[in-house]
Number of protein chains: 2
Amino acid sequence: MKKIINDPHDVVPEMVNGMTRAYPQYIEKIEGTEAVVRSDKDSMKGKVGIVSGGGSGHEPTHAGYVGEGMLSAAVCGQVFTSPTPDQIYAAIKAVNQGQGVFLVVKNYSGDVMNFDMAKDLASMDNIPVKSIVVDDDIAVENSLYTQGRRGVAGTIFMHKILGAVAQQGASLDEIDALAHKVLPNIKTIAVALSAATNPEVGKPGFVLKDDEIEYGVGIHSEPGYRREKIKPSKELVEELVGKLNNEMHLDGNKKYACLVNGMGATPLMEQYIFANDVLNKLQEFNIKPSFMKIGNYMTSIDMAGISLTLFEIKDAKWLDYLNYPVKTIAW
Amino acid sequence: MKKIINDPHDVVPEMVNGMTRAYPQYIEKIEGTEAVVRSDKDSMKGKVGIVSGGGSGHEPTHAGYVGEGMLSAAVCGQVFTSPTPDQIYAAIKAVNQGQGVFLVVKNYSGDVMNFDMAKDLASMDNIPVKSIVVDDDIAVENSLYTQGRRGVAGTIFMHKILGAVAQQGASLDEIDALAHKVLPNIKTIAVALSAATNPEVGKPGFVLKDDEIEYGVGIHSEPGYRREKIKPSKELVEELVGKLNNEMHLDGNKKYACLVNGMGATPLMEQYIFANDVLNKLQEFNIKPSFMKIGNYMTSIDMAGISLTLFEIKDAKWLDYLNYPVKTIAW
């Protein structure tokens, strides 16, 4: 393991310190936790708080999306490990303005359990909390750490949409209704060229041969659905868009947002080339995305690979929310 | 070589297509070239054009910085290869609004020669062109491809500063004077954990052992100044800040901007940890950066490594220019 770190057990606190100290205009630490909250408290006044979080190792997710117009706070667990209920509850308390707090949880058993327990803690203090569990990864049903489908890169579309409406003053019930309306329209699938190495473990989660890839791998190196020899980008796109189409029934009369997401060690060069092939393939369906982003948005430490998210924009307002201005490190 | 590409000879056009198609709100291709220009032509009206470019493989540099408030156009050469004079000249013509054009060139012999030839072509057409050659890398004097010092990640501070003043209506002479005033205050140094693999070459530029790093490597895998065993992040910072201090004489009474730049395959986790150590080390000099960014800003394809740039802010206006709003893919 060759990494730019100090003690492998200190990666999360050191990373959170690095982010909060480098970007004090956006975020600050919640004392006694590894959670971060907006430093511009005025932008939260009178609004519903939006809190997300989960295991670390997915940077810039989640702390990179905290700021005006997006998340109110993010809770950073140990690497690939859910944050504890008390840390989540500290974030809920830090953002609560009397209008309630909404939690965006990725579908992993540990996260679901701990965010639920934090919700219970909040209810004992009469803070109204609602939540959504994001399960956008269509690769497999059930997985290591997950009942049902996993929550992956498409989660940042949820952060963005809910952050925009919360900033504009939506109520907790309105946010909850919107989240559940949006969720079934966000679908993601990935391909991995290599696994991530968790610094505390010291070796990769699995090993692929020099010429091998795996479709459908999760963001914690959970197994995908098929290994085969590396193929040209356009054939990878054929496979991934094919799977998304089976699920979403792509239609040139509908509108879509698209996220091409690098897993951490994949150069932007490859992401842009892959994106070009995605756009070619979508053109066959007569689809030109209404909104698109390419980059390292939800990574898996140093995994090489790419995920592709499509989000069917069923309501024109959703596009406005995606384009709503934010002040964050990483959106 | 396991990469998400198609034909290795097509990486640049496919990448440029991917970027321009995904982000039509910011950039568009200049027909018949691999150069990109702002799609919002109104934002260039009556302003001096700022053009940069060079070999590809440094994404999001340079095309990611084209947009209102920053570059007017960027010319994308083949991987690690200077763009040709005719492509550079096409970009000059595309952005010229009668106020002249300013070129930001990184110090590599091929780039210096080709941007100079493009300048000559422009002068034959009576387009006033001035330029600066950025040489911020303090690692070595002279190098493969370079007389003098190399131009690396600090170049994006030059793009940002000049883009801001050009947007605010500065004249070509004013921009030229500012560029030359700013240049000696930007210094960068890097450490590599692995070399980049140019897709057209198919193998890494050099090979480091599993536990080995090299200080001072360039963005085209040019040799650095020392190899040794991997050390904790804080010791890498000790070395790099030490070198910058020898050069810049760091002083707590002065102001600095700081860029921690990932080389392509280095996860953000490591960049944030490294940044935290940089902030600790700068604190010993009583320095807290006035401006800071962490991320993949000037990469070397899939190199693992980090560069550290410090920029002494000699004039408070420079900080305003760094904070001036832009509309780009990647700033």
Side-chain angles (χ1 to χ4, degrees), chain A residues 2-7 10-11 14-19 21-23 56-57 59-60 64 79 191 193-194 196 199 208 210-213 230 232-234 236 258 260 264-279 289 292-296 299 301-302 304-306 329-330, chain B residues 2-7 10-11 14-19 21-23 56-57 59-60 64 79 191 193-194 196 199 208 210-213 230 232-234 236 258 260 264-279 289 292-296 299 301-302 304-306 329-330:
Chain A
K2 190 155 63 167
K3 284 184 184 289
I4 301 176
I5 58 172
N6 298 298
D7 186 324
D10 294 336
V11 295
E14 290 186 6
M15 184 168 71
V16 172
N17 283 344
M19 291 184 87
R21 294 168 77 192
Y23 296 103
S56 290
E59 295 68 35
V79 177
V191 58
L193 281 65
S194 74
L208 292 172
D210 279 351
D211 61 352
E212 206 179 34
I213 58 167
I230 177 84
S233 169
K234 55 185 69 159
L236 302 180
C258 176
V260 169
T266 297
L268 279 167
M269 170 187 279
E270 296 176 36
Q271 298 181 42
Y272 293 137
I273 290 168
F274 178 89
N276 188 51
D277 290 322
V278 168
L279 289 165
M292 189 157 182
K293 279 179 101 72
I294 309 165
N296 299 318
T299 62
I301 313 180
D302 55 352
I306 277 183
I329 297 170
Chain B
K2 189 154 64 165
K3 283 183 184 288
I4 301 176
I5 59 172
N6 297 297
D7 185 325
D10 294 337
V11 295
E14 288 186 6
M15 181 169 71
V16 172
N17 283 344
M19 291 183 87
R21 294 168 77 191
Y23 296 103
S56 291
E59 296 68 35
V79 177
V191 59
L193 281 65
S194 73
L208 291 172
D210 279 351
D211 61 351
E212 204 179 36
I213 58 165
I230 177 83
S233 169
K234 56 185 70 160
L236 302 179
C258 176
V260 169
T266 298
L268 279 166
M269 171 186 280
E270 297 177 35
Q271 297 181 42
Y272 293 137
I273 290 169
F274 178 89
N276 188 51
D277 290 321
V278 168
L279 289 165
M292 189 155 181
K293 278 179 101 72
I294 308 165
N296 299 317
T299 61
I301 313 179
D302 55 352
I306 277 185
I329 298 171

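Order of the sequence lines sets the chain letters (A, B, ...), proteins ahead of strands, with each chain counted from 1. These numbers were taken from a predicted model, which means no experiment stands behind them. Computed over heavy atoms, backbone and side chain alike; hydrogens, waters and symmetry mates excluded.
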Say whether, by atom type as modelled, one donor and one acceptor occur between the side chain of [X] and the main chain of [Y] under 3.5 angstrom.
X: N17(A); Y: N276(B); answer: no
X: E270(B); Y: I4(A); answer: yes
X: K2(A); Y: L193(B); answer: yes
X: N6(A); Y: P232(B); answer: no

**OP:** Check whether V79(A) gets within reach of chain B through its side chain, its backbone, both or neither, counting any heavy atom under 4.5 Å.
**Re:** side chain
Subject >> Contacting moiety of I230(A), where chain B heavy atoms sit under 4.5 Å >> reply: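 The side chain, not the backbone.
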Subject >> Contact origin within P60(B) toward chain A - heavy atom pairs under 4.5 Å >> reply: both
Original post:
Relative to chain A, which segment of D277(B) carries a heavy atom at a distance below 4.5 Å: side chain, backbone, both, or neither?
Top reply: side chain
Subject >> For chain B, the option from G18(A), A22(A), S233(A), G264(A) that forms the most heavy-atom pairs under 4.5 Å >> reply: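 Of G18(A), A22(A), S233(A), G264(A), S233(A) has the most heavy-atom pairs under 4.5 Å with chain B.
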**OP:** Against chain B, work out which of D211(A), D210(A), N296(A), T299(A) has the most heavy-atom pairs shorter than 4.5 Å and name it.
**Re:** D210(A)
Original post:
Among K234(B), E212(B), M269(B), K293(B), who wins on heavy-atom pairs under 4.5 Å with chain A?
Top reply: M269(B)
**OP:** Determine the option with the most heavy-atom pairs under 4.5 angstrom with chain A, choosing from D302(B), I294(B), L236(B), D10(B).
**Re:**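 Among D302(B), I294(B), L236(B), D10(B), the one with the most close pairs to chain A is I294(B).
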Original post:
Where is the tightest heavy-atom contact between I273(A) and E14(B), given as atom of each residue plus distance?
Top reply: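 Of all heavy-atom pairs spanning I273(A) and E14(B), the closest is CG2-OE1, 3.3 Å.
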Original post:
Under a 4.5 Å cut-off applied to non-hydrogen side-chain atoms, are M292(A) and Y23(B) in contact?
Top reply: no
